[in-house]
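All ligand and atom numbering here is 1-based and tracks the order in the structure. For reference, positions follow the sequence shown, starting with 1.
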Amino acid sequence: MSLEVIILAAGKGKRMRSGLPKVLHTLAGKPLINHVLETARALAPRAIHVVCGPDHQAVQAVAGGDLVQCVVQAEQLGTGHAVLQALPQAGPEALVLVLYADVPLVSGDTLRAVIDGAAQGALSLLTVVVDDPGGYGRILRDAQGRIAGIVEERDASDDQRNINEVNTGILAASARALEGWLARIGDDNDQNEFYLTDVVALARQDGTAIHATAAPGKEEVLGVNSRQDLAILERAYQRRMAQALMSRGVTVIDPNRLDVRGRITAGRDCALDVNVVLEGNVELGDRVTIGPNNVIRDSTIGDDVVVLANCVIEQASIAAGVRIGPFARIRPGTRVQQQVHIGNFVEIKNSELRTGAKVNHLSYVGDTTVGRNTNIGAGVITCNYDGAHKHRTEIGDDVFIGSNCQLVAPVTIDQGATIGAGSTITNDVPERTLAVTRARQRHVAGWRRPSKDGKR
Ligand code: UD1
Ligand code: CA
């Protein structure tokens with residue numbers, strides 16, 4: 001039997017109090033539904049059917065792609081009704097796994113256990129034992145301990161409410177069997193909805209085996225109903241990320257103050273201080289030290305790099321032995337070679353800094369090549385924009401640019417040149433030449449400052 005996944009995503013999510021469909025709210029920077037789609041894809045199904053509500057266009061836009069098709073459930077008549085909307089799209093020989101777009105952390109291993117149960121012909125449920133079963137459907141078992149049905153809390157007796165084995169909602173069965181059961185369910189319950197959970201009692205009547213997999217922990221099967229739930233799941237996810245990094249040899253100073261919003265690879269003996277946010281694809285080499293309050297997005301950071309506090313690094317590649325910060329901003333398109341120093345209040349954009357270059361204080365370097373061992377003094381600005389176009393600044397090796405200079409692009413400063421402090425450079429400077437453009441200093445001896453009594 002080939003696997004097909006149905007993901008329920010049609011609920012309004014009223015408790016989010018949001019203009020955005022619930023399943024588009026993000027966890028670790030990614031819409032909830034994308035977490036579930038990723039987990040589903042890893043199971044290598046033949047197809048994924050997403051059951052969307054009336055605001056399906058927005059959901060469809062993120063859920064599109066290979067394997068995925070959306071089915072619109074115009075009216076939310078219940079979880080059983082939702083599954084019925086997608087079943088005609090699944091092949092009759094399919095084995096169907098039902099997932100929820102608002103249950104983002106369920107793991108592939110757990111789902112494989114559920115699928116195995118259904119592959120043996122059973123109706124396979126994922127259950128979990130919790131301290132506080134409030135709000136969940138309760139699992140009913142007979143005297144022999146076999147599952148007899150599921151009762152929703154609002155339809156349950158007082159005794160049944162004390163049961164703390166609950167339904168996660170996730171289940172798997174053959175498409176044909178599910179279709180048969182769902183054709184027989186009614187909406188005679190407190191909410192007048194067609195409950196997917198009613199298939200359990202029908203399977204029991206038909207003598208179909210019912211298999212239960214116990215989820216290894218509650219976090220995996222928690223759903224998002226409110227922004228409070230979202231915050232709880234975000235932390236649970238981030239703790240997982242921190243644990244994974246630590247077990248791969250990374251020091252995380254405080255696992256509660258690290259945020260990973262993407263894919264991170266790290267070598268050995270890296271250290272992440274508090275409030276580090278890693279987004280997109282971030283690759284860290286060996287012995288990288290990231291100080292507090294750093295945001296690093298889609299960047300490669302080489303061995304032994306030190307990033308001091310409060311930097312933002314985005315779409316950059318930083319080679320081994322570089323030191324950055326504190327308070328530096330490295331913008332897209334920046335390539336930094338080995339042993340470069342970038343200091344405080346420095347902004348670098350779309351530039352190449354070659355080995356050993358230094359930009360230590362208060363500078364803007366944009367659309368520029370900075371040669372090997374070149375020193376850029378404090379407060380140097382590359383004027384790369386003329387109001388309409390961007391222009392490049394080319395600076396050779398071993399150049400010394402004094403403090404508070406403006407380099408008006410396009411301009412080339414050849415190897416070994418020196419620019420006097422306070423100069424505005426508009427013409428190319430030949431190699432090993434001193435260029436100074438500031439006015440000469442003059443002296444007025446014995447100068448008296450104005451004073452309040454009018455006397456000089
Ligand atoms: C459901 C289960 C309950 C289980 C709980 C776990 C039923 C009847 N109950 O209850 O046993 O303990 O999940 O969280 O299944 N949805 C649709 N279309 C609909 C109705 C719902 O797509 O017409 C989607 C919702 O978007 C949501 C999911 O199905 O993602 C669950 O629906 P919800 O109404 O939240 O069910 P619960 O009352 O939580
Ligand atoms: Ca729910």
Side-chain angles (χ1 to χ4, degrees), residues 5-16 18 20-25 31-33 35-37 40 49-56 58-59 63 70-87 97-106 114 123 125-130 132-140 147 149-156 160-161 163-171 173 178 181-182 185-202 212 214-215 218-226 229-230 232-233:
V5 179
I6 296 176
I7 300 179
L8 302 194
K12 292 189 198 70
K14 274 191 216 135
R15 281 173 283 172
M16 296 297 284
S18 173
L20 192 67
K22 176 166 76 178
V23 299
L24 297 186
H25 282 260
L32 291 171
I33 189 168
H35 287 266
V36 181
L37 283 168
H49 312 276
V50 178
V51 180
C52 305
D55 41 18
H56 54 95
V59 176
C70 292
V71 189
V72 177
Q73 185 194 23
E75 259 189 293
Q76 278 62 67
L77 301 179
T79 47
H81 179 261
V83 170
L84 257 184
Q85 307 310 297
L87 270 181
L97 171 69
V98 178
L99 300 179
Y100 299 81
D102 57 359
V103 180
L105 298 189
V106 66
V114 176
L123 167 61
L125 308 176
L126 181 64
T127 67
V128 66
V129 174
V130 292
D132 171 18
Y136 288 98
R138 311 296 205 276
I139 303 290
L140 306 178
I147 293 180
I150 297 177
V151 60
E152 291 305 297
E153 174 161 275
R154 51 211 308 163
D155 303 303
Q160 290 170 332
R161 286 185 188 198
I163 298 171
N164 60 1
E165 184 185 11
V166 301
N167 176 32
T168 64
I170 291 171
L171 59 77
L178 262 182
W181 295 321
L182 286 173
I185 65 170
D187 62 355
D188 181 18
N189 51 53
D190 188 63
Q191 298 191 90
N192 297 116
E193 284 188 0
F194 294 91
Y195 286 168
L196 176 60
T197 44
D198 285 354
V199 302
V200 177
L202 293 174
K218 193 181 169 194
E219 273 170 3
E220 251 198 49
V221 294
L222 275 180
V224 175
N225 291 314
S226 63
D229 292 341
L230 199 55
I232 289 167
L233 281 187

Member of V50, V59, I7 meeting the side-chain contact (heavy atoms from CB on, under 4.5 Å) criterion with C70: V50

Matching residue for I150 among T127, N167, L140 - test: side-chain contact (heavy atoms from CB on, under 4.5 Å): N167

Out of curiosity, is [X] lining ligand 1, as in a heavy atom under 4.0 Å away?
| X | answer |
| --- | --- |
| E152 | yes |
| V166 | no |
| G78 | yes |
| V51 | no |

Give yes or no for whether the N/O distance cutoff of 3.5 Å, strictly under, is met between [X] and ligand 1.
| X | answer |
| --- | --- |
| G137 | yes |
| N225 | no |
| L196 | no |
| E193 | no |
| G11 | yes |
| Y195 | no |
| Y136 | no |

List ligand 1 atoms under 4.0 Å from [X], heavy atoms only on the residue side.
| X | answer |
| --- | --- |
| L8 | 22 (O), 24 (C), 29 (O), 30 (O) |
| T168 | 6 (C) |
| D102 | 27 (C), 30 (O) |
| T79 | 7 (C), 8 (C), 15 (O), 20 (C), 21 (C), 29 (O), 31 (C), 32 (O) |
| L77 | 23 (O) |

Side chains of V224 and L32 in contact at under 4.5 Å (non-hydrogen atoms): yes

Side chains of Y100 and I170 in contact at under 4.5 Å (non-hydrogen atoms): yes

For atom 17 (C) of ligand 1, the option (of R15, R138, Q73) bearing the nearest heavy atom: Q73

Verdict with supporting geometry, L8 and D102, side-chain contact (heavy atoms from CB on, under 4.5 Å): CA-CA 8 Å; L8 302 194; D102 57 359; over 6 Å; no

Gap separating the CD atom of Q73 from the OG1 atom of T79, nearest 0.5 angstrom: 9.0 Å

E220 CD to L126 CG distance, which is reported to the nearest 0.5 Å: 7.5 Å

Location of contacts on A82 toward ligand 1, heavy atoms closer than 4.0 Å: side chain

Non-neighbouring partners of D132 that pass side chain to side chain contact (heavy atoms under 4.5 Å, CB included), sequence neighbours left out: none

L123 and V200: CA distance, side-chain angles, deciding distance, side-chain contact (heavy atoms from CB on, under 4.5 Å) verdict: CA-CA 8 Å; L123 167 61; V200 177; 4.0 Å; yes

Lys/Arg N to Asp/Glu carboxylate O, E153 vs R138, below 4.0 Å: yes

For H81, all residues meeting ring-ring contact (aromatic ring centres under 6.0 Å, His included), sequence neighbours excluded: none

